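What follows is a single structure, written as structure tokens, with notes after it.
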Amino acid sequence: MAIRSFFLFILFFSSSLSPVFSLYEDQVGLMDWHQQYIGKVKQAVFSSQRAGRKRVVVSTEENVIASLDLRHGEIFWRHLLGADDVIDGIDIGLGKYVITLSSGGSILRSWNLPDGQMVWESSLQGPKHSKSFLLVPTNLKFDKDNVLVVFSNGRLHAISCIDGEVLWKKDFEAESFEVQQVIQPPGSDLIYVVGFAASYQFEMYQINAKNGELLKHESASFSSGFSGEVSLVSTETVVALDSTGSILQTISFQDGKISSQQTPISNLVEDSLGPAVIIPSSVSGIFAIKTDAVTVFIRVIGEGKLEVVEKTTHEIAVSDALSISEDQQAFALIQHASSEIHLTVKLAHDWDGNLLKESVKMDWQRGLVHKVFINNYIRTDRSYGFRVLIVMEDHSLLLLQQGEIVWSREDGLASIIDVTTSELPVERNGVSVAKVEHNLFEWLKGHMLKLKGTLMLASPEDMAAIQSMRLKSSEKSKMTRDHNGFRKLLIVLTRAGKLFALHTGDGRIVWSHLLRSLHKSEACQSPIGLNLYQWQVPHHHAMDENPSVLVVSRCGPSSDTPGVLSFVDTYTGKELSSLSLDHAVVQVIPLPYTDSTEQRLHLLINADKHAHLYPKTSEALSIFKREFLNIYWYSVEDQNGIIKGHALKCKCTGEVADEFCFDTRDLWSVVFPSESEKIVATVTRKLNEVVHTQAKVVADQDVMYKYISRNLLFVATVAPKGSGEIGSVTPEESWLVAYLIDTVTGRILHRVTHHGSQGPVHAVFSENWVVYHYFNLRAHRYEMSVIEIYDQSRADNKDVWKLVLGKHNLTSPISLFSRPEVITKSQSYFFTHSLKAIAVTSTAKGITSKQLLLGTIGDQVLALDKRFLDPRRTVNPTQAEKEEGIIPLTDSLPIIPQSYVTHALRVEGLRGIITVPAKLESTTLVFAHGVDLFFTQLAPSRTYDSLTEDFSYALLLITIVALVAAIFVTWRLSERKELQEKWR
């Protein structure tokens, strides 16, 4: 009896070791990481508060307003405005309010500086669209209230800084008038509004700042016209270029009278070729122009005369003026010189003297300095010290002080345009690349702490140590592959043309590389990165080669500009080579073929519909020719409403012989009538998706065969009127049509119409099903629909004996040119949220059940089981259907709070969700990117093939030892009892 009780206790004790699938507080950060960014800074304003934490307020190209800690660069607070709410201006009012102007000057907001809470918001309308200007004068008051001056939408406003009330407004309704500057001289009650009319007439308006009354209006004609920016060199003088960019116009409007003087640039810069450009700045008495490769600084002296003070051939950036006293202004210059940048701070009226001159070592991978912002402070010896905030070409943000980089932020990661993955190197001879291994003492210490935690004997210090050990686990951050496939490199391409390799273990940057091929040059004036592709993925028989990726870009926004190819080693970040193409890149088609070095073949389609094969090797060409007749692709012309199918025809017949160039032919086309349908979404299956089985066993032991084809295309079209914002049309005027099209033959396999619905449409295609999300105007709710397509030609393969004896046709070849016998099943459900992105989990063998990953309007990622979108759901499922896992039908899809993959975090500005299979079948890796980044591991069917990470191996070892000891003790007791019985 005692022995039985002992074994029952051991059994109960062992059962307590079963994995727990809930996420506890101390598990956050073990399998996921979250990084916050703000994007490339456009404007920065330093807080001048003497008390409290030093901060700088910035606005960015991602429409983010943020307050940053000047000591460490951390985010105090931030707000992401809408995609259409572009920030035009930012400043600080009364020392405690952040004032922002956005939406083309239509919205003015005030935010509390310490915590970022909105204080007020004003809507500013006007008679016409125009440039926007925000001024926060320090000495302009109206009934003890500081006044903000805003010019927007052709109207000048005076607005209360405290409550946002419009005090007065003045319209400028002249159709051809384009405002260039709004000036409020310090200590004056006047406002000057200057600009051009009909591109050849200079206009000046003098306004009373107290009531908005027009005091004076003067104009002057300039036969040579104007072009480009206008530089303000004093409160009553501006400098502009003529229409040819070869003459500088110095225009003064002192006392409301316009006078001007013209100076040919050739008088200032010898041998200048081409038009000049004014570099925007606000330094009193000085401005800069750039001509060819020379930057010239010019001083304005008496009656509009110009004097050159310095010329430089180095790339240079200039800050705006900073008032350091009542009559002194300072500004910063930064020049590049090889691996250093030279920082100089000068007084506006004393070019020859320097307040500060420093050299700072700078990683050339950051590129050129794009923007400079300067701030001063008082040193202990009462002299002036300066901080300089710089924005680099790769969109990073750095603070310089006393010749050192105080902190830096990699804000280029806020503008990711494409993502791919790379495996880490294999650990050889037991040596890790990271060289971080626990010694025996640390191993024993860790397991003892885990044991104390399991037995609830751990102190708070022990629990903190356990959490720290988990977060700093060397296994998670090693630079070698793991047997579960959790450790990988995320290779991301940013809008700045920079590649980053992020470690999936902790999100750190392993390497970064600013591609030289994406640098502006004479041959490529406006390089734009397009996409990333796997170029070389060595397997175990070719492990001497490092994997590499292909970066495709082009030299301008137009699709007919020449393309550029870059090849980058994913282990080191080294740019192996680059190719400047003599043709455009309209479409890139990765082919499912590789050569002996594991380089994948790619077809690049140019604007003339010629196909170019890469890599250009004889081996690749021979492989390509063998598969010549089996290569098909499609193209989508959104604007024209046409989808076409293409195939190869013959070698190019141009003047220059190129054996790697091929002519193409159109096989089919689907033309959607422009008066009734407009293409809004197209999606196809992932090329690397693995399908475990084609057969699907349903409740009545019947078998349905999935129609699996990599050539299926989902297309969604809407009525032209319904392509606008939600609610802009009535239900009778809008409809949504979904198609499934075979891209080899152009055959439409399925078509369904949703009346009274409109976009935006988000869709995902996996295996034999597609799920798409749209808005139902009749129900005033969002909907999600699912379409599943099945192959009827294999319907006879339901006899088990046929499968056993091999008398089935599962392996018989299939031709897409024969009409397939297919059936579809579909269903629609209401869904609460609007979506920004949608994806589906993917695993190594395709066995694990699928989950949809929905990027909600709240910038979170929600995991939804695919079973909720099963078209065979019924209100009252049978017992057999319940056993199969069919969920009873409801009209809405559930939102389970625990199913948020991002937990309580938000991925601000969410743009995309990427899923990558791990080697462990139960697990998929999820990467969500926007302004923020988020990564996690997800197990849709739970971790059925592994132990949980918090499993106590020490407790298991103790249990095994206890069992062995118990067996030995009971054996000895049994032996003794038998011996005693024999002696009786």
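Note that this is a predicted model, so its numbers are computed, not measured. The residues of the chain are indexed from 1 along the displayed sequence. In what follows, every heavy atom counts, from backbone to side chain, and hydrogens, waters and symmetry copies are set aside.
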Sequence neighbours excluded, which residues qualify as side chain to side chain donor-acceptor pair (under 3.5 Å) partners of Gln181? none
Flag if over 12 foreign heavy atoms under 6.0 Å of NZ, Lys96: no
Residue of the set Asp88, Leu108, Thr100, Ile90 for which side chain to side chain contact (heavy atoms under 4.5 Å, CB included) holds with Leu134: Leu108
Just checking, Arg55 and Phe76: is the charged tip under 6.0 Å from the six-membered ring centre and within 45° of the axis? yes
Can you list everything that forms a salt bridge (Lys or Arg N to Asp or Glu O under 4.0 Å) with Glu62? Sequence neighbours excluded, please. Arg495, Arg911
Run the side chain to side chain donor-acceptor pair (under 3.5 Å) test against Ser103 and tell me which residues pass, sequence neighbours left out. Asp85
Will you find, in the side chains of Gln262 and Ser260, an N or O donor that is under 3.5 Å from an N or O acceptor? no
State which residues pass side-chain contact (heavy atoms from CB on, under 4.5 Å) with Pro280; sequence neighbours excluded, sorted by chain then number. Glu229
Residues forming a side-chain contact (heavy atoms from CB on, under 4.5 Å) with Lys346, sequence neighbours excluded: Phe331, Leu333, Thr344, Trp351, Asn354
N/O donor to acceptor pairs below 3.5 angstrom from side-chain atoms of residues 146-153, sequence neighbours left out:
{"residue": "Ser152", "atom": "OG", "partner": "Gly105", "partner atom": "O", "Å": "2.7"}
{"residue": "Asn153", "atom": "ND2", "partner": "Ser106", "partner atom": "OG", "Å": "3.3"}
{"residue": "Asn153", "atom": "ND2", "partner": "Leu124", "partner atom": "O", "Å": "3.3"}

Could you list the residues that satisfy salt bridge (Lys or Arg N to Asp or Glu O under 4.0 Å) with Glu213, not counting sequence neighbours? none
As a quick check of understanding, evaluate side-chain hydrogen bond (donor to acceptor under 3.5 Å, both in side chains) for Arg109 and Ser102, giving each step before the final call. CA-CA 8 Å; Arg109 297 182 178 95; Ser102 59; 3.1 Å; yes
Going by side chain to side chain donor-acceptor pair (under 3.5 Å), name the residues that satisfy it together with Asp91, two or more places apart in sequence or in a different chain. none
By salt bridge (Lys or Arg N to Asp or Glu O under 4.0 Å), which residues pair with Lys40, not counting sequence neighbours? none
More than 12 heavy atoms from other groups under 6.0 Å of NZ on Lys257: no
Who are the salt bridge (Lys or Arg N to Asp or Glu O under 4.0 Å) partners of Asp560, not counting sequence neighbours? none
Taking the ring centre of each residue, are Tyr192 and Phe253 less than 6.0 Å apart? yes
Check the side chains of Lys305 and Gln261 for a donor-acceptor pair under 3.5 angstrom, ignoring hydrogens and angles. no
Results of side-chain contact (heavy atoms from CB on, under 4.5 Å) for Asn63 - residues two or more places apart only: Leu81, Val86
Who are the side chain to side chain donor-acceptor pair (under 3.5 Å) partners of Lys290, not counting sequence neighbours? Glu315
